[in-house]
Amino acid sequence: MSTSQNTNKLDKQIAFRVTEEEHQKIRIQAAIEGSLTPNQYAKKYLLEKVANETNEHIQDIKES
């Protein structure tokens, strides 16, 4: 197996779907902050959102 085949197997992407409204808010917030591109900001925003939802889910499990 060649190196490029190994690399391709490791390149995985996770797709997140957002509404058009959420997409617009992400782009506006990225423009306001200015330090990140819209795609970088979206990645940061979605990862933080997933982390928060995961933490809430873990808390719910602990409380049950």
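Quick caveat, the model's predicted, so the values are computed rather than measured.
When the salt bridge (Lys or Arg N to Asp or Glu O under 4.0 Å) test is applied to Lys25, the partners found at least two apart in sequence or on another chain are Glu21. For Glu20, the side chain to side chain contact (heavy atoms under 4.5 Å, CB included) partners are His23, Gln24, not counting sequence neighbours. Every residue was checked against the side chain to side chain donor-acceptor pair (under 3.5 Å) condition with Lys43, not counting sequence neighbours, and none meets it.
A distance of 4.0 Å separates OG1 in Thr19 from CD in Glu22, rounded to the nearest 0.5 Å. A distance of 9.5 Å separates CG of Leu46 from CD of Glu53, quoted to the nearest 0.5 Å.
Using a distance-only test at 3.5 Å, with no hydrogens or angles considered, no donor-acceptor pair links the side chain of Glu48 to the main chain of Tyr45.
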